[in-house]
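Worksheet: the structure to be examined is printed underneath.
Just so we're clear, the structure is a prediction, and the values are computed from it rather than from any experiment.
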Amino acid sequence: MELPQWKDAIAAFVLRCKCLLDLDEVSFGTYRELVTVDAIFREEKRMRSEDGSVFVLSAFPEFLLDYFDDKFFNSMAPMRHLKFDDCPREKG
């Protein structure tokens, strides 16, 4: 199943999660294991307490990736190996 109208939003969500959680690569297994609501909340809370910043993520792409299987993930997040060019979380 593909949802072409959501492909860019899902790809952006995956790139932003990589940035937020400081991940190098996001495979389906890594996504399911490490990109959780709790992990996102903890990192957001840490950012807020450190410097008052927030990191905005859309919930609907997350819902789609959590609901569907690895074939959907691989077809909808083809740029998962790329880096977020202006990741505010990068050090240095």
Side-chain angles (χ1 to χ4, degrees):
M1 172 186 217
E2 284 199 30
L3 301 171
Q5 65 274 25
W6 283 100
K7 194 167 193 164
D8 290 340
I10 290 171
F13 173 80
V14 171
L15 289 175
R16 291 182 69 79
C17 285
K18 284 178 60 181
C19 173
L20 177 66
L21 300 173
D22 195 28
L23 302 172
D24 291 326
E25 172 87 19
V26 179
S27 66
F28 179 72
T30 303
Y31 175 81
R32 287 284 169 98
E33 182 180 340
L34 300 177
V35 182
T36 64
V37 173
D38 188 51
I40 292 168
F41 172 77
R42 282 192 320 265
E43 188 60 24
E44 290 274 1
K45 185 177 178 182
R46 186 184 68 74
M47 287 174 60
R48 183 78 174 144
S49 67
E50 282 183 3
D51 59 15
S53 63
V54 295
F55 205 95
V56 179
L57 295 172
S58 175
F60 195 69
E62 180 179 16
F63 165 75
L64 292 173
L65 291 174
D66 288 349
Y67 186 79
F68 292 106
D69 64 9
D70 61 329
K71 291 177 190 148
F72 178 81
F73 180 89
N74 292 332
S75 71
M76 296 303 282
M79 302 184 323
R80 64 190 179 277
H81 65 283
L82 298 178
K83 291 290 268 180
F84 189 156
D85 288 338
D86 297 317
C87 179
R89 302 302 302 152
E90 288 183 348
K91 317 288 187 273

Inset, instruction - Could you pull out the closest heavy-atom pair between Pro61 and Ile10, with the gap in Å? - result: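 Looks like CB-CG1, 3.9 Å.
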
Legend entry - Atom of Phe72, atom of Leu64 and distance for their closest heavy-atom approach: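 Closest pair (atom of Phe72, atom of Leu64, distance): CE2-O, 3.8 Å.
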
Gap between atom [atom2] of [Y] and atom [atom1] of [X] - 0.5 Å precision:
X	Y	atom1	atom2	result
Asp51	Arg46	CG	CZ	8.5 Å
Ser53	Glu44	OG	CD	8.0 Å
Asn74	Phe28	CG	CZ	8.5 Å

Inset, instruction - Could you give me the CA-CA distance, side-chain angles and deciding distance for Thr36 and Asp38, then say whether side-chain hydrogen bond (donor to acceptor under 3.5 Å, both in side chains) is met? - result: CA-CA 5 Å; Thr36 64; Asp38 188 51; 5.2 Å; no

Would a 4.5 Å heavy-atom cut-off, applied to side chains only, mark [X] and [Y] as touching?
X	Y	result
Glu62	Asp66	yes
Cys17	Leu23	no
Phe55	Glu43	no
Lys18	Val35	no
Arg48	Val54	yes
Leu65	Val14	yes

Inset, instruction - Assess whether atom CZ of Arg32 is packed by more than 12 heavy atoms of other residues, nucleotides or ligands within 6.0 Å. - result: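 Atom CZ in Arg32 is packed in, count exceeds 12.
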
Legend entry - Ala11 backbone acceptor or donor facing Asp8 side chain under 3.5 Å: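 Checking the backbone N and O of Ala11 against the side chain of Asp8, no donor-acceptor pair under 3.5 Å is found.
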
Inset, instruction - On the 0 to 90° scale, with breaks at 30° and 60°, tag the Phe60-Trp6 ring pair as parallel, tilted or perpendicular. - result: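 Plane angle between 30° and 60°, so tilted.
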
Inset, instruction - Kindly work out whether a path of hydrophobic side-chain contacts (I/L/V/M/F/W/Y, heavy atoms less than 4.5 Å apart) joins Tyr67 to Tyr31. - result: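 Same cluster.
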
Legend entry - Co-membership, hydrophobic cluster, residues Leu57 and Phe63, 4.5 Å side-chain: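 Cluster IDs for Leu57 and Phe63 match.
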
